[in-house]
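Data block below; observations after.
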There are 2 protein chains.
Amino acid sequence: MSRTEDHGDERPGSGGSLAHRVPDLGALELLLAVARVGSLGRAARELGITQPAASSRIRSMERQLGVALVDRSPRGSRLTDAGALVTDWALRIVEAAEAFDAGAQALRDRRDSRLRVAASMTIAEYLLPGWLVALRAQRPDTAVSLLAGNSTAVAERLLAGEADLGFVEGLTVPAGLDSAVIAHDRLVVVTAPSHPWARRRRPLAAEELAVTPLVLREEGSGTRQVLDAALGGLARPLIELSSTTAVKAAAVGGAGPAVLSELAVGEELGMRRLVRIPVQAVALARDLRAVWPTGHRPTGPARDLLSLTRG
Amino acid sequence: MSRTEDHGDERPGSGGSLAHRVPDLGALELLLAVARVGSLGRAARELGITQPAASSRIRSMERQLGVALVDRSPRGSRLTDAGALVTDWALRIVEAAEAFDAGAQALRDRRDSRLRVAASMTIAEYLLPGWLVALRAQRPDTAVSLLAGNSTAVAERLLAGEADLGFVEGLTVPAGLDSAVIAHDRLVVVTAPSHPWARRRRPLAAEELAVTPLVLREEGSGTRQVLDAALGGLARPLIELSSTTAVKAAAVGGAGPAVLSELAVGEELGMRRLVRIPVQAVALARDLRAVWPTGHRPTGPARDLLSLTRG
DNA sequence: TCCTGCTCATAAGCTCAGCTTATGCAACGC
DNA sequence: GCGTTGCATAAGCTGAGCTTATGAGCAGGA
């Protein structure tokens with residue numbers, strides 16, 4: 001059977017899952033190449049495929065999207081208006097894929113690489129891939145390895161000489177490490193748009209937050225520590241989940257209010273899948289810091305990466 | 001220019017193009033589903049495929065990335081630490097793909113759909129897809145059609161009754177239309193990091209900008225109009241290009257300083273592919289406005305979309 | 001204790017997307 | 001005219017990813 005979508009229920013007009021409606025990465029890269037060089041054949045050569053392959057791929061992408069993307073002529077190909085739009089949207093996907101790739105590459109090279117980075121989860125998830133892409137642009141030959149864990153684990157690695165540079169998000173700097181603040185983060189309270197809090201007019205008071213069962217990361221996570229400290233006591237968990245993604249998913253699904261890093265919910269807020277609830281007089285800000293063993297100032301690639309993280 | 005700079009030959013350890021190193025969308029969606037439901041089989045059912053297909057696909061993704069992503073047990077599957085990171089990075093790609101899909105869907109439904117939107121290029125490229133994703137979350141059954149063009153074209157469509165809601169970025173509101181400011185944008189001067197201006201310590205003066213040949217959008221574009229008005233004369237073009245992407249690519253490639261919307265260069269600045277050059281005493285800010293025919297206040301889906309664009 | 005139900009893994013076979021090579025046609029410059 | 005550049009089409013191959021069928025590990029209830 002060729003069609004897998006007609007045995008689950010599908011909304012008419014939108015066939016199958018995302019993967020069936022969005023061209024694959026190869027096709028998007030090809031489209032970007034065509035936009036850049038102005039010819040199917042040259043774009044094909046650039047990607048190491050043949051001209052007929054490129055021609056057919058672009059054509060099938062146009063069929064999939066139902067829109068003409070390039071104007072072919074015997075003198076080259078230019079994007080149509082719709083093509084220019086699609087190309088820009090495609091660029092966003094490709095950029096996300098580049099960040100993914102940079103992160104995955106770092107994750108793969110666990111050992112024996114030149115720059116070894118240890119980072120806390122939130123930073124590794126939301127900031128590091130972008131930095132790695134930038135670093136690769138500056139120094140294409142530097143292999144980076146990444147180890148993700150909590151603050152304690154990061155400190156251990158650095159002190160054991162198993163990492164060159166660390167990133168942590170706690171309230172305090174682990175002993176034996178020097179640090180530099182590289183960014184600021186803030187915890188935010190979010191709910192699904194359907195939650196009663198989303199229609200509040202007054203900001204939430206700290207006491208209300210403290211007595212309301214919340215969707216939270218597990219105890220011991222940096223987020224949880226900051227929240228407990230800010231509330232001057234213990235937050236009350238409704239559900240405890242072990243990843244930021246799971247917490248977001250639960251909140252979007254309407255499980256209840258969640259507390260998360262601002263970094264983690266940017267997209268959801270923008271798309272109105274989550275709503276930010278203002279909170280009064282609760283210190284939810286925290287510093288994000290680069291750390292290294294006292295005395296060992298970062299040098300070489302570590303210094304480059306560090307300087308990329310500022311500004 | 002993307003990551004194809006060593007056109008043809010590949011760096012060892014990084015096989016092939018991006019598409020060969022990054023799993024395809026279907027695999028990423030599957031991974032997200034596994035993370036959400038905690039079992040390969042259930043994730044498979046959710047996506048309408050069989051359990052062995054899911055098993056094999058996750059396995060081949062792990063082989064591709066060289067990292068174990070899920071811990072299988074007879075009681076279900078959980079993400080490994082690396083898996084949690086990868087999942088979050090994957091989410092970014094999937095979100096970009098959702099925006100792409102929302103935009104493409106709107107582009108496809110050119111006619112006879114319920115909500116017809118006309119938007120200027122910059123807005124259509126950088127803001128609209130996110131709004132459409134949000135709108136679809138709120139009203140899944142509203143079909144949206146999109147027409148992209150310059151301010152004049154947007155006004156024409158609205159006045160001809162061929163569009164229900166418009167978005168423009170000019171300095172003035174076309175006659176016959178009411179408007180509401182929905183966001184603010186600003187033109188910025190950017191160069192490649194290697195450009196001498198990137199090492200300036202003093203902000204750029206307006207006169208310097210006016211006499212320097214710049215990489216620009218073509219005459220008649222909104223960006224160009226705002227720039228000319230701000231300089232109190234005509235900007236001097238080094239190259240004129242017909243799309244924002246092309247201008248960015250030229251600037252990144254070191255062709256010269258470019259002037260672009262802040263919206264368009266966020267990623268490039270973050271990744272340090274471009275550097276923002278401060279400018280003194282030049283009014284480069286502009287309002288982004290929603291517009292509609294005077295008297296015809298947006299109603300129904302148009303009103304929903306409008307309210308999504310604020311805040 | 002054994003059965004039932006959940007999990008995941010493996011095997012064999014099919015289909016289709018996407019690649020290749022080989023060719024043809026159109027437009028431009030010399 | 002002829003060579004170059006650009007796109008389209010045709011025929012054939014390969015592999016990724018899907019299916020169905022089956023087996024094996026672990027838990028909980030009768």
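Just so we're clear, the structure is a prediction, and the values are computed from it rather than from any experiment. Every chain is numbered from 1 and lettered A, B, ... according to where its sequence line falls, protein lines coming before strand lines.
With D:dG17, C:dG18, C:dC8 as the choices, the nucleotide that has an atom nearest any side-chain atom of A:Ser60 turns out to be C:dG18. For B:Arg72, the side-chain atoms get nearest to C:dA9 when compared with the rest of D:dC7, D:dC18, C:dA9. Distances from the side chain of B:Pro52 to the nucleotides C:dT10, D:dA10, D:dC26 place C:dT10 closest. Nearest nucleotide to the side chain of A:Arg59, out of D:dA8, D:dG17, C:dT20: D:dA8. Of the candidates D:dC26, C:dC19, D:dT19, D:dC26 carries the atom nearest the B:Pro74 side chain, counting heavy atoms from C-beta on. Considering only side-chain atoms of A:Ser55, the nucleotide from D:dT9, D:dG17, C:dC19 that sits closest is D:dT9. Which of C:dC28, C:dC8, C:dC19 sits closest to the side chain of A:Arg75 comes down to C:dC28.
In this structure, A:Asp71 reaches neither bases nor backbone, as no heavy-atom distance under 4.0 Å exists between it and the strands shown. Within 4.0 Å (heavy atoms only), B:Ser39 reaches sugar-phosphate atoms of the nucleic acid but no base atom. Contact annotation for A:Ser73: backbone-only contact, meaning every heavy-atom pair under 4.0 Å involves sugar-phosphate atoms and none involves a base.
One distance of note links CG of B:Asp24 with CE of B:Met61; it measures 8.5 Å at 0.5 Å rounding.
For the OP1/OP2 pair of D:dT19 and a distance below 4.0 Å, the side-chain nitrogens and oxygens of B:Thr50 include at least one atom meeting the criterion.
The CZ atom of B:Arg78 sits 17 Å away from the C1' atom of C:dC8 (whole-angstrom rounding). Atoms CD (B:Gln51) and C1' (D:dA21) sit 12 Å apart, rounded to a whole Å. For the pair B:His20 NE2 and C:dC19 C1', the computed distance is 10 Å after rounding to whole Å. The separation between A:Leu25 atom CG and C:dG18 atom C1' is 15 Å, rounded to whole Å. B:Ile49 places its CD1 atom 15 Å from the C1' atom of D:dT20, with the value rounded to the nearest Å. Put simply, CD1 on B:Ile58 is 15 Å from P on C:dT10, counting in whole angstrom units. Straight-line distance from the CZ atom of B:Arg63 to the C1' atom of D:dG15: 12 Å, rounded to whole Å. We find that CG of B:Leu47 is positioned 13 Å from C1' of D:dC18, with the value rounded to whole Å.
Both B:Arg57 and A:Ser56 lie close to DNA chain D; mapped to their nearest nucleotides by heavy-atom distance, the more 5′-ward contact belongs to A:Ser56. Closest-nucleotide positions on DNA chain C for A:Asp24 and B:Ser77 were compared, and the one nearer the 5' end corresponds to B:Ser77.
A salt bridge links B:Lys248 with B:Glu268: the closest approach of a Lys/Arg side-chain nitrogen to an acidic carboxylate oxygen falls below 4.0 angstrom. Using a 4.0 Å cut-off between charged side-chain N and carboxylate O, A:Arg21 and B:Asp101 make a salt bridge. Comment: A:Glu98 engages B:Arg273 in a salt bridge, judged by a side-chain N to carboxylate O separation of less than 4.0 angstrom.
Remark: the backbone N or O of B:Ala68 is paired with a side-chain donor or acceptor of B:Thr80 at under 3.5 angstrom.
B:Arg136 and B:Thr142 form no side-chain donor-acceptor contact under 3.5 Å, judged by distance and modelled atom types alone.
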